[in-house]
K.L.:
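Before we start, here is the structure in question, set down as structure tokens.
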Amino acid sequence: MDAVYDPWSPEFVADPYPAYAELRAAGRAHWHAPTRQWLIPHHEDVSALLRDRRLGRTYTHRFTHEEFGREAPDAAYEPFHTLNDHGLLDLEAADHTRIRRLVSKAFTPRTVENLAPTVRRLAAGLVGDLVAAGGGDLLATVAEPLPVAVIAEMLGIPADDEERGRLRPWSAAICGMFELNPSEETARRAVRASVEFSDYLRELIARRRKAPGEDLISSLIAVEELTEQEMISTCVLLLNAGHEATVNTTVTGWWTLLKEGVRPDPEQLSTAVEELLRYDTPLQMFERWVLDDIELGGRVIPRGSEVALLFGSANRDPARFGPTADALDLTRADNPHVTFGAGIHYCLGAPLARLELTAVFGELLRQAPGMRLAAEPVRTPGYVIRGFEELLVEV
């Protein structure tokens, strides 16, 4: 299957879905030598393995690197790994259970509900500026600023704080490490961003300890069992995970709508957003370590292996979504996509992402009903995080 699945090919990145169909037809698990991963393309298997405790985002809670047959991370990348390894995304029980329980005390449904007026106000203002300018880059003017502004509001970063402008570059640099085989330069950028972002949050936490506010950092400080590093890693994860899906679904979703010449019914906007999350998945693949041997489709995947759960393939699987799996259906009601994951690692920020997406799509439909493409967009080169460099539109 090496020739079918080629995550470094621009042609594959542009449209991986025909390759996914071949993978699904060929079996349930495929060894891919170039990435040294087992590819899992079916919805039923991806959904089950996300919940299977024989797999984990890390293995160090049970094994040393030597016991697991892996090399320890390069010491030069320690700031990135310290930041990443203390976040919910890369923790397993019991640390994951403890931190998620504590963070959930601060990041409650009421927190998201209270943000709704702010999200709608920001979305209306950003779209209004785009309309007043007669168009522009939807990515830079609307899709990126909205979730970054929302997370800045959540963290209590003042509107006039110049560091607000560094949140997105920091996040982009750190997320570069989640692509397959990141380069040395990518790693250096991620380390630099990890140090700078952590230092900034450490200062912000110190200020909030002296003068608490109504923000998330003050709430996390009040949860006394959290260490400072756990608070820092949680805030960074909320930015990284909380805005990548929103940014890329906004841009990819509108590219799809404009290309297909369709618009969602404003009365069924939530349903349409779920379909856009499924149809062109912003996170195409998620990795897990095999902690104990598993059997899949008659093949044994041994402990120490890495599996690539192909979210993009699972979300187009006809076995779950029927004969219209490859079609865009903005009224699709039965839509159990895996875009936000499942199990203990189900995305904590999913309700916030849905709120932001519904707000920004609603405002664009209301204020820019005649929006159209101004130029064919160029895709970002990465495979794992799916998006565009820009999306130029005319209003």
Side-chain angles (χ1 to χ4, degrees), residues 86-89 91 96-126 143-159 161 163-164 167-168 170-171 197 200-202 204-247 249-250 269-270 273-274 277 339-363:
H86 285 81
L88 282 171
L89 187 65
L91 286 173
H96 180 279
T97 305
R98 176 181 63 86
I99 294 177
R100 183 151 185 146
R101 174 177 57 82
L102 295 173
V103 170
S104 295
K105 291 181 179 180
F107 193 67
T108 64
R110 182 179 291 272
T111 304
V112 177
E113 183 181 325
N114 290 342
L115 278 170
T118 299
V119 171
R120 296 188 184 107
R121 172 178 56 80
L122 290 169
L126 291 168
E144 283 188 347
L146 176 63
V148 171
V150 171
I151 196 69
E153 292 279 339
M154 288 181 66
L155 297 179
I157 299 175
D161 193 328
E163 299 297 349
R164 268 200 183 203
L167 293 179
R168 172 60 176 167
W170 278 336
S171 176
F197 201 175
Y200 173 69
L201 287 171
R202 200 167 281 112
L204 197 57
I205 289 169
R207 296 206 300 266
R208 291 293 178 274
R209 288 191 192 279
K210 295 177 181 176
E214 297 298 319
D215 52 87
L216 182 62
I217 284 181
S218 298
S219 298
L220 290 173
I221 291 170
V223 181
E224 296 179 352
E225 300 96 322
L226 284 171
T227 68
E228 184 173 83
Q229 183 59 60
E230 288 166 350
M231 282 191 277
I232 290 169
S233 294
T234 295
C235 292
V236 172
L237 177 61
L238 286 173
L239 173 66
N240 294 348
H243 89 278
E244 285 292 345
T246 306
V247 170
T249 300
T250 299
L269 198 50
S270 295
V273 163
E274 296 301 317
L277 285 163
T339 300
F340 290 120
I344 69 166
H345 287 291
Y346 182 79
C347 180
L348 188 68
L352 179 58
R354 288 183 165 110
L355 171 64
E356 291 171 350
L357 287 167
T358 303
V360 74
F361 274 84
E363 285 299 328

K.L.:
Would you call L239 and L155 a side-chain contact if the rule is heavy atoms closer than 4.5 Å?
P.N.:
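A side-chain contact is absent here, since even the closest heavy-atom pair is not under 4.5 Å.
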
K.L.:
Does any part of the side chain of V236, heavy atoms only, come nearer than 4.5 Å to the side chain of W170, both counted from C-beta?
P.N.:
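A side-chain contact under 4.5 Å is absent here.
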
K.L.:
Excluding sequence neighbours, so at least two apart, what forms side chain to side chain contact (heavy atoms under 4.5 Å, CB included) with L348?
P.N.:
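Expected list: L88, R100, V103, S104, F107.
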
K.L.:
Which residue pairs pass the salt bridge (Lys or Arg N to Asp or Glu O under 4.0 Å) test with at least one member in residues 215-235, sequence neighbours excluded?
P.N.:
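Found R98-E230, R202-E228, R208-D215.
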
K.L.:
Would you please name every residue forming a side chain to side chain contact (heavy atoms under 4.5 Å, CB included) with A124, sequence neighbours left out?
P.N.:
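A124: side chain to side chain contact (heavy atoms under 4.5 Å, CB included) contacts with E363, Q367.
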
K.L.:
If only atom types and distance count, is the side chain of H345 paired as donor or acceptor with the main-chain N or O of L91 below 3.5 Å?
P.N.:
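Yes; judged by distance alone, with no hydrogens or angles, the pair exists.
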
K.L.:
Can you tell me if T250 uses its side chain to pair, donor with acceptor, with the backbone of A143 under 3.5 Å?
P.N.:
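Looks like no, no N/O pair under 3.5 Å.
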
K.L.:
Is there a side-chain contact between V150 and T118 in this structure, where contact means two heavy atoms from C-beta onward sitting under 4.5 Å apart?
P.N.:
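Side chain of V150 against side chain of T118, heavy atoms only: no contact under 4.5 Å found.
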
K.L.:
A side-chain contact here means heavy atoms from C-beta on lying under 4.5 Å apart; do L220 and I205 qualify?
P.N.:
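No; the side chains remain at least 4.5 Å from each other.
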
K.L.:
State which residues pass side chain to side chain contact (heavy atoms under 4.5 Å, CB included) with P158; sequence neighbours excluded, sorted by chain then number.
P.N.:
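Side chain to side chain contact (heavy atoms under 4.5 Å, CB included) check on P158 returns D160, D161.
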
K.L.:
Check whether any side-chain heavy atom of R168 lies under 4.5 Å from a side-chain heavy atom of V247, and answer yes or no.
P.N.:
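A side-chain contact under 4.5 Å exists here.
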
K.L.:
Considering non-hydrogen atoms only, spot the tightest contact between F361 and T249 and give its length.
P.N.:
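Residues F361 and T249, closest heavy atoms: CZ-O, 3.9 Å.
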
K.L.:
Which pairs with one or both residues in residues 146-157 pass salt bridge (Lys or Arg N to Asp or Glu O under 4.0 Å), sequence neighbours excluded?
P.N.:
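As it turns out, the salt bridge (Lys or Arg N to Asp or Glu O under 4.0 Å) pairs with a partner in residues 146-157, which skip direct neighbours, are E153-R164.
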
K.L.:
What residues form a side chain to side chain donor-acceptor pair (under 3.5 Å) with T108, not counting sequence neighbours?
P.N.:
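For T108, the residues satisfying side chain to side chain donor-acceptor pair (under 3.5 Å) (neighbours in sequence not counted) are T111.
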
K.L.:
With no hydrogens and no angle check, is any side-chain donor or acceptor of T358 less than 3.5 Å from a backbone partner on R354?
P.N.:
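A pair under 3.5 Å: yes.
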
